[in-house]
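Keep in mind that the numbers below use all heavy atoms, side chains included, and drop hydrogens, waters and symmetry copies. Chain letters run A, B, ... following the sequence lines, proteins first, then strands; residues in each count from 1.
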Amino acid sequence: MTKKVRVRFAPSPTGGLHLGGVRTVLYNYLFARKHGGDFILRIEDTDQSRYVQGAEEYIFECLKWCGIEPDESVLHGGEFAPYRQSERKAIYNEYAEKLVKDGFAYYAFDTTEELEEMRAKFKTHDNPTPQYNHEIRERMRNSLTLGEEEVHRLMSAGSPYVVRIKMPMNEEIKFTDMIRGEVNFHSSLVDDKVLLKADGMPTYHLAVVVDDHLMKISHAFRGEEWLPSAPVHILLWKYLFGLENMPEWAHLPLILKPDGNGKLSKRDGDRLGFPVFAMDWTDPKTGEKATGFKERGFLPGAFVNMLAMLGWNDGTEQEIFTLDELCEKFSLERVHKSGAKFDYEKAKWFNHEWIKRNTKYDLRSTVYEILSQRGIEINDNDKLEKVIELVKDRCTLLTDFYDQAKFFFSTPETVDVDSIKGKWNDDKTAFFKEWISSLDSLEWKATSLEAKFKELAAAKNIKVGELMLPLRIMLVGGKFGPGVFDIAEIIGTEETKQRVEKALRSL
RNA sequence: GGCCCGUUCGUCUAUCGGCUAGGACAUCUCCCUUUCACGGAGGAAAGACGGGUUCGAUUCCCGUACGGGCUACCA
């Protein structure tokens, strides 16, 4: 019997969608699909100051590109709407009030300055960041210390206040994480986290718990950085909805910087020269640009494949998986506990494998787009397919198709004649003249062209080896590309003749 | 500092007490290719340390070290 699951995707719309974010969403998606569950995309935008316009649309586009398509209607309706936490503001207040009434939370009137003062005052070498905890709260301005009348007076006078959770003095808080097993905390070591901010918005802590309950989430996935605040969420579940209704938690390992240590951030991408976002992203506030894997030339399948393997494997030696295969084989039991350093070389390897495994038909439209974006006109689909077939094994990124394929469609602008000039002589000129004049009567196939080429060389007593490189230079402009005769076959008789003649003139 | 999590080749990882520790990326050598790649063959390369438990520990337990995360009216 399969359990009905409902997981949530909760990317925060504070700009961009980085590797860690996509992977969390991906694992959510794989799990939901495998277990036949629903998924919800919830926008966690409770921090108004960091919220960025257009971020939601961007996230949808990224997910769509990856092949993970959440139902777009979730933003506009459906069973649990609204899905933007900023639009659910009124809901959270009710729960915060309930917590206060039941004695699990309290009002705190301390100003930012007062908090800073407190931190400065209690700061010691052994305790560099004093917490607003069971000890400190006795000395602060809150509904625990102030007395009912004063609280009432402050509130009716419109004094700003927050709601803080009242962490119990002496309680073991334990829960089972699907990846890590049992995790324990002691309540005395956790501080009285703010649940409802002065602007009436909930913090993440209150919002996840309330929304997970209201949206009937059965399994909650998030990054490992959330582990330390899990006891707050556990307690909230206990106070509000009952531990027996709490979703199962899975704290995913972090994606780390390739060099040094620490979490991978968007700055690392700029610094080390690789993308960390799924797609290009420009922060509308700062104008800061970040490049995406898509624009760098990654196939979505390769991107998803690479990301999935960064923290999971199926126990066999298989490394290449399609999204469907991942859905089928994914299991949380095999998700790793420890973080993984991101390796861009390996990421490129995945892409290369995917390009090689894709057919010319799979690649056709993507390559067409890349070439035309860079000013190459293509009006012969048949030719494009032939070129892709010939060239795809040497492309690691989709953008490599430009360098590998451009000379099939337009005469090379620069021809590196210098590298053959040294050993040039009239015999060679004569040879090439004769070869191109023989072309018209030939069957236009790579094998015939090569046969004729060799036959003529032998007749003129010139080593074939001394003629191959010149021919390549004449046709493609440099020392690269697939077999020369294959190239000639594709570009055709006229173009072959013209390129040879053009080169001969400058020799 | 405190709390929590983690620790197998340079990197990503396999191993669920029997290991001559396997694979992949990167690297090196050779082969193939009258270019550059692809491809093929091979090499070098790992269990943080110290204690237990056990006939036997990379695997289980405990310490230590190291790494990471958190420690906001950010998520």
Side-chain angles (χ1 to χ4, degrees), chain A residues 10-14 44-47 49-50 85 108 110-112 115 119 123-132 160-164 177 179-180 183-186 188-191 193-205 207-208 222-231 251 253-254 256 258-263 306 309-320 333-334 336-350 352-353 356 391-396 400 404 419 454 463-469 471-473 476 478-484:
Chain A
S12 59
T14 50
E44 304 193 325
D45 59 344
T46 52
D47 182 359
S49 65
R50 293 215 308 170
Q85 289 179 334
D110 317 280
T111 62
T112 318
L115 288 172
R119 290 193 183 107
K123 184 176 168 178
T124 60
H125 175 73
D126 284 347
N127 186 12
T129 46
Q131 306 284 288
Y132 201 118
Y161 67 91
V162 301
V163 174
R164 302 189 95 110
D177 182 277
I179 294 169
R180 277 148 228 284
V183 185
N184 295 288
F185 295 88
H186 194 87
S188 65
L189 274 356
V190 185
D191 63 333
K193 288 268 180 273
V194 170
L195 301 178
L196 202 70
K197 302 186 262 188
D199 64 359
M201 273 290 197
T203 57
Y204 172 83
H205 307 296
V208 241
R222 62 192 353 179
E224 195 191 347
E225 70 269 28
W226 287 106
L227 210 40
S229 52
H251 288 90
L254 265 17
L256 277 12
D259 65 336
N261 301 300
K263 265 202 290 188
M306 173 275 290
M309 302 310 284
L310 210 57
W312 173 87
N313 69 74
D314 75 339
T316 71
E317 280 171 5
Q318 183 177 349
E319 292 196 89
I320 305 298
E333 294 74 48
R334 295 202 61 89
H336 310 139
K337 291 183 175 69
S338 53
K341 286 184 186 173
F342 176 67
D343 181 356
Y344 188 50
E345 291 306 316
K346 183 91 185 206
K348 284 195 291 191
W349 174 80
F350 274 105
H352 191 191
E353 290 299 311
K356 284 191 291 183
V391 126
K392 72 189 179 83
D393 285 5
R394 41 216 320 145
C395 294
T396 298
D400 293 341
Q404 293 294 339
S419 64
K454 287 183 173 167
K463 281 185 192 149
V464 180
E466 289 185 31
L467 297 167
M468 291 294 278
L469 187 64
L471 177 62
R472 168 171 300 280
I473 303 257
V476 314
K479 299 182 200 174
F480 55 89
V484 257

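The C1' atoms of B:G22 and B:A45 are separated by 14 Å, rounded to the nearest whole Å. Comparing the C1' positions of B:C9 and B:U58 gives an interatomic distance of 13 Å, to the nearest angstrom. For the P atom pair drawn from B:G69 and B:A57, the interatomic distance equals 36 Å after rounding to whole Å. Comparing B:U13 with B:U7, their P atoms are spaced 10 Å from each other, to the whole Å. On the C1' atoms, B:C16 is 42 Å away from B:A37, given to the nearest whole Å. B:A65 and B:G50 are spaced 15 Å apart, taking the P atom of each and rounding to whole Å. With both ends at atom C1', the span from B:G23 to B:C62 equals 33 Å, rounded to whole Å. Between B:U59 and B:G17, the distance separating the two P atoms is 11 Å to the nearest Å.
The distance from atom CH2 of A:Trp349 to atom P of B:A26 is 9 Å, rounded to the nearest whole Å. As rounded to whole Å, 18 Å separates atom P of B:U35 from atom CG of A:Asp393. Between A:Leu115 atom CG and B:C73 atom P there is a gap of 6 Å when expressed in whole angstrom units. As a whole-Å value, the separation of A:Asp177 CG from B:C4 P is 15 Å. In this structure, CD of A:Glu317 is placed 12 Å from P of B:C25, rounded to the nearest angstrom. Atom CD in A:Glu333 sits about 14 Å away from atom P in B:A14, given to the nearest Å. Put simply, NZ on A:Lys337 is 12 Å from C1' on B:U7, counting in whole angstrom units. When rounded to the nearest whole Å, the span between CZ of A:Arg334 and P of B:C12 equals 17 Å.
For B:C38, the base adopts the syn conformation, since its glycosidic angle falls within 90 degrees of zero.
A salt bridge between A:Asp343 and A:Lys346 is absent, with no side-chain N of the basic residue lying under 4.0 Å from a carboxylate O of the acidic one.
In this structure, A:Ser338 OG and A:Glu224 CD are separated by 8.5 Å, a value rounded to the nearest 0.5 Å. Taken to the nearest 0.5 Å, the CZ atom of A:Phe350 stands 5.5 Å off from the CE atom of A:Met309. Atom CZ of A:Arg164 sits about 7.0 Å away from atom CG of A:Asp191, to the nearest 0.5 Å.
Heavy atoms only, all atoms of each residue included: A:Val391 and A:Pro482 are closest at CG2-CG, 4.0 Å. Closest non-hydrogen pair, A:Tyr132 versus A:Ala108, comes out as OH-CB, 3.8 Å. Nearest heavy atom pair, residue A:His205 against residue A:Val194, reads CD2-O, 4.0 Å. A:Val208 approaches A:Glu44 most closely through the heavy-atom pair CG1-OE2, 4.3 Å.
For A:Ser338 and A:Phe480, each mapped to the nucleotide of RNA chain B holding its nearest heavy atom, the one lying further toward the 5' end belongs to A:Ser338. Where A:Pro128 and A:Phe185 each meet RNA chain B at their nearest nucleotide, the meeting point lying more 5' is that of A:Pro128.
The phosphate of B:A14 (OP1 or OP2) has a side-chain N or O of A:His336 nearer than 4.0 angstrom. One finds a side-chain N or O of A:Lys356 lying less than 4.0 angstrom from the OP1 or OP2 phosphate oxygen of B:G39. Between A:Thr46 and B:A75, a side-chain N or O to OP1/OP2 separation shorter than 4.0 Å is present. Within the structure, every side-chain polar atom (N or O) of A:Asn313 is placed at least 4.0 Å from both OP1 and OP2 of B:C12.
Environment of NZ in A:Lys479: sparse, with no more than 12 heavy atoms of neighbouring residues, nucleotides or ligands closer than 6.0 Å.
Across every strand in view, B:G67 sits in a pair with B:C5 that passes the Watson-Crick or G-U test at under 3.5 angstrom. B:C25 and B:G10 make up a base pair, with Watson-Crick or G-U wobble contacts both under 3.5 Å. Pairing of B:U58, defined by two Watson-Crick or G-U wobble distances under 3.5 Å, is not identified with any nucleotide. In a base pair of the Watson-Crick type (N1 to N3 plus N6-O4 or O6-N4) or a G-U wobble (N1-O2 and O6-N3), with each distance short of 3.5 Å, B:C32 is matched with no nucleotide.
Using a 3.5 Å distance cut-off with no hydrogens or angles, the side chains of A:Asp314 and A:Thr316 do pair a donor with an acceptor.
Listed nucleotides B:U34, B:C74, B:U35 differ in distance to A:Lys479; the shortest reach to its side chain belongs to B:U35. When each of B:G1, B:U34, B:U35 is scored by its nearest atom to the side-chain atoms of A:Arg394, the top-ranked nucleotide is B:U35.
Residue contacts shown for A:Gly223 are absent, as no nucleic acid heavy atom lies under 4.0 Å away. When heavy atoms are screened at a 4.0 angstrom cut-off, A:Val183 is found touching the sugar-phosphate backbone but no base atom. Looking at heavy-atom distances under 4.0 Å, A:Pro482 makes contact with a base. Base engagement by A:Asp110 is indicated by at least one non-hydrogen atom pair under 4.0 Å involving a base atom. Within the 4.0 angstrom heavy-atom criterion, no nucleotide atom of any strand lies near A:Phe350. Residue contacts for A:Arg222: at a heavy-atom cut-off of 4.0 Å it reaches no nucleic acid atom on any strand shown.
At distances below 3.5 Å, at least one donor-acceptor pair connects side-chain atoms of A:Lys197 with backbone N or O atoms of A:Thr46. The main-chain N or O of A:Asp393 is found under 3.5 Å from a side-chain atom of A:His352 such that the two form a donor-acceptor pair. Not one N or O on the side chain of A:Asn313 forms a donor-acceptor pair closer than 3.5 Å with the backbone of A:Arg334.
Near RNA chain B, meaning a heavy atom under 4.0 Å from it, residues 340-348 of chain A has A:Ala340, A:Lys341, A:Asp343, A:Glu345, A:Lys346 in order of number.
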### Summary
Nucleotide by nucleotide, nucleotides 62-72 of chain B touches protein heavy atoms under 4.0 Å in the pattern (B base, S sugar-phosphate only, - none) -----SSBSBS
